[in-house]
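What follows is one structure encoded as structure tokens, with my remarks underneath.
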Amino acid sequence: VKGSLADKWNLDTKINAPGLDGILPGLGGVIIGDVKLRGDLDAPEVQADLTARGVRWQKDLSIDNAVIKGKVTSGEQIKGDLSVVVRQLKQADLVISQLTLDANGSEKKHTVKLDVKGEPVSGRLTLAGGFDRQTETWKGNLSNTLFETPVGEWQLSKVMALDYANQTQEVTIGTHC
């Protein structure tokens with residue numbers, strides 16, 4: 001760790017954990033990368049570039065490789081980009097050969113795309129929308145859905161509207177059949 005978190009943030013963290021074994025019983029693998037904090041207390045910025053290899057938790061979960069890259073800034077509104085790629089995630093009978101998550105945009109207009117290739121489930125979806133701080137509501141839609149499961153293929157016949165009211169913590173789902 002190098003830098004400071006005073007009025008202006010300028011902190012660089014270099015992570016080089018070649019052996020997670022021994023930190024917690026059952027944890028193993030390697031994590032390397034960088035996390036940088038910039039900006040100031042009122043408008044921080046976080047940049048991350050992390051890679052994990054051979055991560056495992058007891059005998060229940062293993063991941064051959066994971067890469068997380070992103071930059072998030074705040075201030076008047078939160079905005080940024082995040083990319084997560086996971087290869088060979090295994091848990092019991094679930095095997096995900098590749099999972100890709102991409103998120104980008106701002107509070108007011110953002111998109112999240114998920115693509116999963118695995119057994120017994122594969123699929124994709126896109127979630128797009130925006131959050132209004134004054135009304136504390138998120139409005140968006142779910143589209144580009146296609147999932148292959150042991151019981152057959154599942155997909156929406158059309159874009160599905162979604163609304164979330166933070167004050168009441170209620171989700172309203174539009175027509176989707």
Side-chain angles (χ1 to χ4, degrees), residues 1 11-38 44-74 77-131 138 140-156 159-160 162 164 171 173 176:
V1 177
L11 187 73
D12 294 345
T13 304
K14 188 168 266 322
I15 298 168
N16 185 5
L20 297 176
D21 307 72
I23 293 175
L24 289 172
L27 178 65
V30 173
I31 298 176
I32 58 172
D34 300 295
V35 176
K36 297 178 181 181
L37 299 176
R38 298 287 187 267
E45 177 182 304
V46 178
Q47 299 172 32
D49 186 350
L50 301 169
T51 300
R53 292 187 310 272
V55 174
R56 65 189 179 285
W57 175 248
Q58 300 179 351
K59 294 180 183 177
D60 300 328
L61 176 71
S62 67
I63 298 172
D64 283 359
N65 185 289
V67 177
I68 301 168
K69 292 184 180 194
K71 179 179 179 180
V72 177
T73 60
S74 63
Q77 66 175 298
I78 299 169
K79 59 184 173 184
D81 298 296
L82 175 68
S83 170
V84 178
V85 177
V86 177
R87 290 187 175 87
Q88 294 303 319
L89 182 149
K90 298 174 186 168
Q91 183 177 25
D93 294 335
L94 176 67
V95 177
I96 302 295
S97 58
Q98 182 161 322
L99 179 147
T100 304
L101 175 80
D102 288 305
N104 59 60
S106 65
E107 279 178 50
K108 293 180 180 180
K109 185 178 181 185
H110 49 265
T111 304
V112 177
K113 294 181 180 180
L114 175 67
D115 189 20
V116 178
K117 293 176 177 62
E119 289 295 329
V121 176
S122 290
R124 67 175 188 255
L125 63 82
T126 301
L127 185 65
F131 183 74
W138 181 87
N141 61 62
L142 181 64
S143 65
N144 193 29
T145 57
L146 175 62
F147 287 90
E148 296 172 16
T149 73
V151 295
E153 190 176 274
W154 178 86
Q155 75 182 92
L156 291 173
V159 173
M160 181 175 71
L162 294 169
Y164 173 72
V171 175
I173 299 173
H176 54 278

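Numbers here simply count residues along the sequence, with the first being 1.
- Between W154 and L146, every side-chain heavy-atom pair lies at or beyond the 4.5 Å cut-off.
- For the atom pair NZ of K108 and NZ of K79, the computed distance is 10.5 Å after rounding to the nearest 0.5 Å.
- Proximity of a side-chain donor or acceptor of T111 to a complementary backbone N or O of A128 within less than 3.5 Å is not detected.
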Exercise. Assess whether side-chain contact (heavy atoms from CB on, under 4.5 Å) is satisfied between V112 and L101, documenting all intermediate values.
Key: CA-CA 7 Å; V112 177; L101 175 80; 3.6 Å; yes
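- Between L125 and L142, some side-chain heavy-atom pair lies under the 4.5 Å cut-off.
- With contacts defined as side-chain heavy-atom distances shorter than 4.5 Å, the pair I96/Q98 does not qualify.
- Counting all heavy atoms, side chain and backbone alike, P120 lies closest to D93 at CD-O, 3.8 Å.
- Between D34 and K36, none of the side-chain N atoms (NZ, or NE/NH1/NH2) sits under 4.0 Å from a carboxylate O, so this pair counts as no salt bridge.
- The OG1 atom of T100 lies 12.0 Å from the NZ atom of K113; values are rounded to the nearest 0.5 Å.
- Between the side chain of E107 and the backbone N or O of I78 there is at least one donor-acceptor pair closer than 3.5 Å.
- Inter-residue side-chain proximity for V35 and I15 is flagged as met; some heavy-atom pair is nearer than 4.5 Å.
- To the nearest 0.5 angstrom, K109 atom NZ is 10.5 Å from N104 atom CG.
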Quiz item: Can Q91 and W57 be said to form a side-chain contact (heavy atoms from CB on, under 4.5 Å), step by step?
Solution: CA-CA 10 Å; Q91 183 177 25; W57 175 248; over 6 Å; no
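- Side-chain atoms of T13 do not come within 3.5 Å of backbone N or O of V1 as any donor-acceptor pair.
- R56 and D21 are joined by a salt bridge, as a carboxylate oxygen and a charged side-chain nitrogen come within less than 4.0 angstrom of each other.
- For D60, the CG atom counts as densely surrounded, since its 6.0 Å shell holds more than 12 non-hydrogen atoms of other residues, nucleotides or ligands.
- Scanning all heavy atoms of the two residues, the minimum distance from I31 to A52 falls at CG1-CB, 4.0 Å.
- Of all non-hydrogen atoms in V159 and S143, the two that sit nearest each other are CG2-CB, 3.8 Å.
- Heavy-atom minimum distance, I32 versus A17: CG2-N, 4.5 Å.
- Heavy-atom neighbours of R38 CZ from other residues, nucleotides or ligands within 6.0 Å: above the threshold of 12.
- A donor-acceptor pair is defined here as one N or O able to donate and one able to accept, closer than 3.5 Å; no such pair exists between the side chain of T126 and the backbone of N144.
- Salt bridge D102/K69: absent, no basic N to carboxylate O contact under 4.0 Å.
- Of all the heavy atoms in F147 and R124, the pair that sits closest is CE1-O, 3.5 Å.
- When all heavy atoms are compared, the tightest approach of I63 to R87 is CG2-O, 3.9 Å.
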Quiz item: Does the pair M160 and L162 meet the rule for a side-chain contact (heavy atoms from CB on, under 4.5 Å), with working shown?
Solution: CA-CA 7 Å; M160 181 175 71; L162 294 169; 3.9 Å; yes
Practice problem: Would you please test V95 and K90 for side-chain contact (heavy atoms from CB on, under 4.5 Å) and show each step? | Solution: CA-CA 5 Å; V95 177; K90 298 174 186 168; 4.2 Å; yes
Exercise. Could you please spell out the steps behind the side chain to side chain donor-acceptor pair (under 3.5 Å) verdict for Q77 and S106?
Key: CA-CA 7 Å; Q77 66 175 298; S106 65; 3.2 Å; yes
Exercise. List the steps, then state whether salt bridge (Lys or Arg N to Asp or Glu O under 4.0 Å) holds for D12 with K14.
Key: CA-CA 7 Å; D12 294 345; K14 188 168 266 322; over 6 Å; no
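- With rounding to the nearest 0.5 angstrom, the OG atom of S74 is 9.0 Å from the CD atom of E45.
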